[in-house]
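Throughout, protein chains are lettered first and strands after them, A, B, ... in sequence-line order, and every chain is numbered starting at 1.
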Amino acid sequence: MPMIDIQAVSKWYGPQFQVLKDCTTAVEKGEVVVVCGPSGSGKSTLIKCVNALEPFQSGAIHVDGINLQDPSTNLPKLRARIGMVFQHFELFPHLKITENLCLAQEKVLGRSRDEAMTKAMALLERVGLKDHSHKFPGQLSGGQQQRVAIARALAMDPIAMLFDEPTSALDPEMITEVLDVMVELAREGMTMMVVTHEMGFARKVAHRVIFMDKGEIIEDRPKEEFFGTPRSERAQVFLSKILAH
Amino acid sequence: MFSGFDFDVIWRSLPYLFWDGMSFTLMLTALSALGGLVLGTLLALMRLSNMRVLGAIATGYVNLMRSLPLVLVIFWFYFLVPYLGQMITGSERPLVVGAFSSALITFTLFEAAYFSEIMRAGIQSIPKGQVSAGYALGLTYRQVTGYIVLPQALRNMLPVILTQTIVLFQDTSLVYVLSITDFLGAASKVAQRDGRLIEMYLFAALVYFLISFAASRLVRALQAKTAIIR
Ligand SMILES: Nc1ncnc2c1ncn2[C@@H]1O[C@H](COP(=O)(O)OP(=O)(O)OP(=O)(O)O)[C@@H](O)[C@H]1O
Ligand SMILES: [Mg+2]
């Protein structure tokens, strides 16, 4: 049974506009899947459907065997088990770094302050930011904030991690520090679904690459095949554009 | 030029003006600001919820309150509350509601409409991603609202909230139509009793001005300090 199972998911905004068209794919436990495609193709929407941040009208998504649309599914509980990292970090600016990492551990998982704090410090150490624990998010650089955001998600001991363009809001010199953390995570066997245009990252750790266009999954193939010669014309055009710079 | 005036009357009535009058005014201001903020925040959340009925009720309430002159609301409330209380409790006589309670309820209900507009703007100023991040961590609507949205909205809106409270501080002087001894009520009672209208009203104006002015300077100083670093 795949960790994330997406079956024929379609989603509309209003009666006219279909953002997702019959999307089907799956992510196995320990698998790293990169999702790419032009702007507006529905990548963010798809990934947000996986932890039910966005509703969808038809199809089904199962995470760890749990049907998202089953009315008896406790969505907050399920979301707590899936880590999510956003393009704009979305750290809570009014809370210190440690508070950012402890809040959900305490309020959702019911961990004690000590437990949560120990976990938080260990994770901050791991992403190389232990010395910044007492600061507020606004006092950190973009790259540092994104590493904190990854640590915040990991603090919940997630069974899978979703990333939505985690490096695209960063200055070039900060991209590597974030990708390094993600590469390490992938090598440790974390199940990951990553929307990114960082093809270097995809080549390094992805098992599969999904290419989306206009709400459809056009290609869904092992990395070697995807970067090899045979592929759809749309993916070719897209790749040549993003690899150009 | 001031030869015909007796400013000593102020000095003599200071304890009465401040112990009786000003403490009432400040208490009424503080409590109704607090009550108004709590109720206003609830109204704002109702308006922003996707439950239509709740939103319509809140919108109706806010529009009604904002279209009525405050003096009228004070009057109506003062005369209606005892009868409303009678209806609710089913007692034989109109309920006895103290002047302070009546004023407090009125101002709370009235200010809530204004605070709800402020809080609505404050809540809407929080980026959507903050809410998504909260949900993604497994927090519930209540937790996201309580730990993420409202603290930030309050911080962002604090200067506006305090400025509105200064306006409220001045508006509380309207309770004098109910011959309540707030600061202005106290001043006018002394003025009538001693026939020192000019002195007392001048002094009252000066006190309202000084307090409001000092408070708004304080708000400005605070503004820089409370801003959230982004
Ligand atoms: N709330 C919404 N209401 C209406 N349309 C929306 C809404 N959110 C997104 N869309 C539209 O849905 C489409 C897909 O959006 P989505 O954010 O998933 O694209 P994306 O592939 O992540 O693009 P990008 O690379 O720019 O992030 C876009 O055309 C977008 O304008
Ligand atoms: Mg996107």
Have B/Ser91 and B/Gln86 got a donor and an acceptor in their side chains that come within less than 3.5 Å?
no
Using non-hydrogen atoms and a 4.5 Å limit, figure out which bit of A/Phe86 sits close to chain B: side chain, backbone, both or neither.
side chain
If you count heavy-atom pairs within less than 4.5 Å of chain B, which of A/Leu162, A/Leu95, A/Leu91 leads?
A/Leu91
Flag side-chain contact, heavy atom, 4.5 Å: B/Tyr208 against B/Phe169:
yes
Option passing ring-ring contact (aromatic ring centres under 6.0 Å, His included) with B/Phe75 (candidates B/Tyr78, B/Phe77, B/Phe79):
B/Phe79
So what's closer than 4.5 Å to chain B heavy atoms on A/Leu78: side chain, backbone, both or neither?
neither
Interface moiety of A/Arg81 toward chain B, non-hydrogen atoms closer than 4.5 Å
neither
Under a 4.0 Å threshold between the charged nitrogen and the carboxylate oxygen, would A/Glu99 count as salt-bridged to A/Arg113?
yes
B/Phe24 ring center near B/Phe183 ring center (under 6.0 Å):
no
Donor-acceptor pair between B/Ser212 and B/Gln170 side chains, under 3.5 angstrom
yes
If we ignore angles and hydrogens, is there a donor and acceptor under 3.5 Å between the side chains of B/Asp20 and B/Thr181?
no
Give the member of A/Leu53, A/Leu140, A/Asn51 that has the highest number of heavy-atom pairs under 4.5 Å with chain B.
A/Leu53
Within residues 136-143 of chain B, which positions have a heavy-atom distance to chain A below 4.5 Å?
B/Ala136, B/Leu137, B/Gly138, B/Leu139, B/Thr140, B/Gln143
Going by an N to O cut-off under 4.0 Å, is there a salt bridge joining B/Lys128 and A/Glu90?
no
Relative to chain B, which segment of A/His94 carries a heavy atom at a distance below 4.5 Å: side chain, backbone, both, or neither?
both
Any idea how A/Phe17 and A/Tyr13 line up, ring-wise: parallel (<30°), tilted (30 to 60°), or perpendicular (>60°)?
parallel
